[in-house]
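What follows is a single structure, written as structure tokens, with notes after it.
A quick note: this is a predicted structure, and the numbers were derived from the prediction, not measured. Counting convention: from 1, in listed order, for ligands and their atoms alike.
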Amino acid sequence: MTLEGKTVLIGITGGIAAYKICELIRKFQKSGAATRVVCTPNAMNFVTKLTLQNLSRNQVYVDEFDVKEWKPEHISLADESDIMVIAPATANTISKIANGIADNLLTSIACAFSKQMIFAPAMNCNMWNNSAVQDNITKLKSKGYEFLEPETGFLACGYSGKGRLCSIDKIYDSVVENLKYSKLLEGKKVVVTSGGTIEDIDPVRYISNYSSGKMGLAIARSAKKMGAETVLITTKDVEAPFKVVKVKSALQMQKALDDEFETSDIIIMAAAVADYRVKNYSNQKLKKTSEDELVLELIKNPDILQTLCSRNKGGNKIIAGFCAESENLLENAKEKISKKGCDFLIANDISRHDIGFSSEYNEVTILDKNGGMKMFEKNSKDVIAREILEYIIKK
Ligand code: CTP
């Protein structure tokens, strides 16, 4: 992908991995992107301004008060750039940004930056595992900042553990992927469900399934990046920069969807809803009996997707379902899309261990109600999520 016309702002903080960022700047230059570089004063102990200036073919910014224009640099650099990547990101800079501290040019820009920001941390493994640092990372993630996890291996400080800067290719690819987003869903409300429902048997036991909730979460994140007002109804604990409604059972999920239905434009049911719940929930823990067999009576749950589709009579909403199959994927998917009456059905093969449940990857085929079909080859769930939304919007 050519990045012609894009401006990437690279923030370098004071860690030994700072020298690796020279290669990252070169990659962006080759792709056609304009690069602007801002460093913390400590970063200057590891790389020289002259090197960075030559590679980026631009002035390198360090000092807040080295003002050349009427507009302060922390505002103009933030305004001019399409994306910001902080690499290496030290524990100190991550923690300052998480708490709104703006005590140097880099942290001031980060504070004023309203577009996508990506952190590629690198530090000693004990610093990485420090609970205060981890709390700050969780806080930033919940606000939509992205993190490229450090790798495990030999560290410059002599330790061995998690803390090495991830590969330059990974940082580059993540920036390129994020630059593919445009505000296609501005003004729209997207409701997504995720996770497997939990159907209680008694106060200590339940029936559920292996759904990790990752695909639905990725779709909700993508919708948010495309500018949608996003709601995620999920059975999992999620901290995200959009509304999250935590539910447990299929009936609770149905109620939460009912609450959001009227105001929504797009509904995507990625949740694995239990088809049956226990008929007679026991308020007390069931005791073991002398019998060798125990028979649990189950009762059918409502088909939430089918009910929503039948409510969408005017057809002003787009409703999509997922279809997890262990055999005859496309035959079952075709049958399901007509039975449920949804606009799109996204089919994935759960018999494969490299994709689907719990995996970070997926490979799906999307069917539409008019007989159209498109396969999205194996990729990270984030990429598949963007591709699904773009396909739905285009159609
Ligand atoms: N679904 C739903 N309510 C249910 C069961 C499923 O809304 N009671 C939705 C799921 O969220 C998914 C789609 O229907 O979007 C297909 O789910 P799937 O489990 O593949 O199909 P089922 O209808 O449950 O059929 P089967 O289990 O026989 O494959």
Side-chain angles (χ1 to χ4, degrees), residues 190-200 206-220 222-223 231-236 238 245-261 264 266-279 298-312 317-352 355-359 362-369 373 376 381 384-385 388-389 391-392:
V190 177
V191 178
V192 186
T193 64
S194 78
T197 63
I198 296 167
E199 311 298 332
D200 285 337
Y206 60 84
I207 299 172
S208 191
N209 58 64
Y210 289 118
S211 170
S212 64
K214 286 179 183 168
M215 194 64 239
L217 176 60
I219 293 174
S222 289
V231 180
L232 178 67
I233 300 170
T234 180
T235 59
K236 305 287 176 186
V238 173
V245 183
K246 175 101 189 272
V247 294
K248 201 171 171 188
S249 63
L251 292 181
Q252 287 177 7
M253 185 167 278
Q254 186 176 39
K255 162 82 178 63
L257 276 157
D258 281 347
D259 293 346
E260 304 291 343
F261 183 81
S264 66
I266 301 177
I267 300 173
I268 302 181
M269 290 281 302
V273 182
D275 290 327
Y276 296 90
R277 65 181 182 278
V278 176
K279 190 173 177 190
L298 303 178
I299 181 171
K300 217 176 206 161
N301 268 328
D303 190 314
I304 308 173
L305 179 60
Q306 201 166 340
T307 313
L308 293 178
C309 292
S310 58
R311 271 179 78 183
N312 188 29
K317 298 177 198 308
I318 293 170
I319 305 182
F322 265 75
C323 147
E325 301 292 343
S326 57
E327 57 179 358
N328 306 326
L329 182 69
L330 293 180
E331 292 86 324
N332 284 330
K334 280 179 194 159
E335 203 184 306
K336 253 179 215 177
I337 193 170
S338 66
K339 188 171 136 215
K340 307 233 179 198
C342 50
D343 301 294
F344 297 94
L345 194 76
I346 302 133
N348 66 320
D349 180 351
I350 54 159
S351 67
R352 278 175 57 182
I355 56 165
F357 282 155
S358 300
S359 168
N362 214 349
E363 180 174 295
V364 302
T365 301
I366 181 162
L367 287 72
D368 68 65
K369 64 179 177 193
M373 202 190 286
F376 295 112
K381 286 186 173 171
I384 296 282
I388 289 172
L389 284 175
Y391 183 83
I392 289 176

With atoms numbered from 1 as shown, which atoms in ligand 1 lie under 4.0 angstrom from a non-hydrogen atom of [X]?
| X | answer |
| --- | --- |
| D303 | 2 (C), 3 (N), 4 (C), 7 (O), 8 (N), 23 (O) |
| A324 | 20 (O) |
| G321 | 15 (O) |
| M269 | 7 (O), 11 (O), 12 (C), 15 (O) |

Exercise. For A272, is at least one N or O under 3.5 Å away from an N or O on ligand 1?
Worked result: no

Using every non-hydrogen atom in the two residues, find where [X] and [Y] come nearest and quote the distance to one decimal.
| X | Y | result |
| --- | --- | --- |
| K279 | I299 | CA-CG2, 3.8 Å |
| I268 | I219 | CD1-CG2, 3.9 Å |
| S264 | V191 | CB-CG2, 3.7 Å |
| C323 | L329 | O-CD1, 4.4 Å |

Nearest 0.5 angstrom please: [X] [atom1] to [Y] [atom2], how far?
| X | Y | atom1 | atom2 | value |
| --- | --- | --- | --- | --- |
| C309 | I319 | SG | CD1 | 4.5 Å |
| I318 | K369 | CD1 | NZ | 8.5 Å |
| E331 | E325 | CD | CD | 9.5 Å |

Identify, for [atom], the protein heavy atom at the shortest distance, and state residue, atom and that distance.
| atom | result |
| --- | --- |
| atom 8 (N) of ligand 1 | P302 O, 3.0 Å |
| atom 5 (C) of ligand 1 | D275 OD1, 3.3 Å |
| atom 11 (O) of ligand 1 | A271 O, 2.8 Å |
| atom 7 (O) of ligand 1 | L305 N, 2.7 Å |
| atom 26 (P) of ligand 1 | K336 NZ, 3.8 Å |
| atom 12 (C) of ligand 1 | F322 O, 3.0 Å |
| atom 3 (N) of ligand 1 | I304 N, 3.1 Å |

Problem set entry | F322 side chain near L305 side chain, heavy-atom distance below 4.5 Å | no

Problem set entry | Heavy-atom side-chain proximity of M269 to L257 below 4.5 angstrom | yes

Problem set entry | Non-hydrogen atom of K340 closer than 4.0 Å to ligand 1 | yes

Exercise. C342: heavy atom below 4.0 Å from ligand 1, yes or no?
Worked result: no

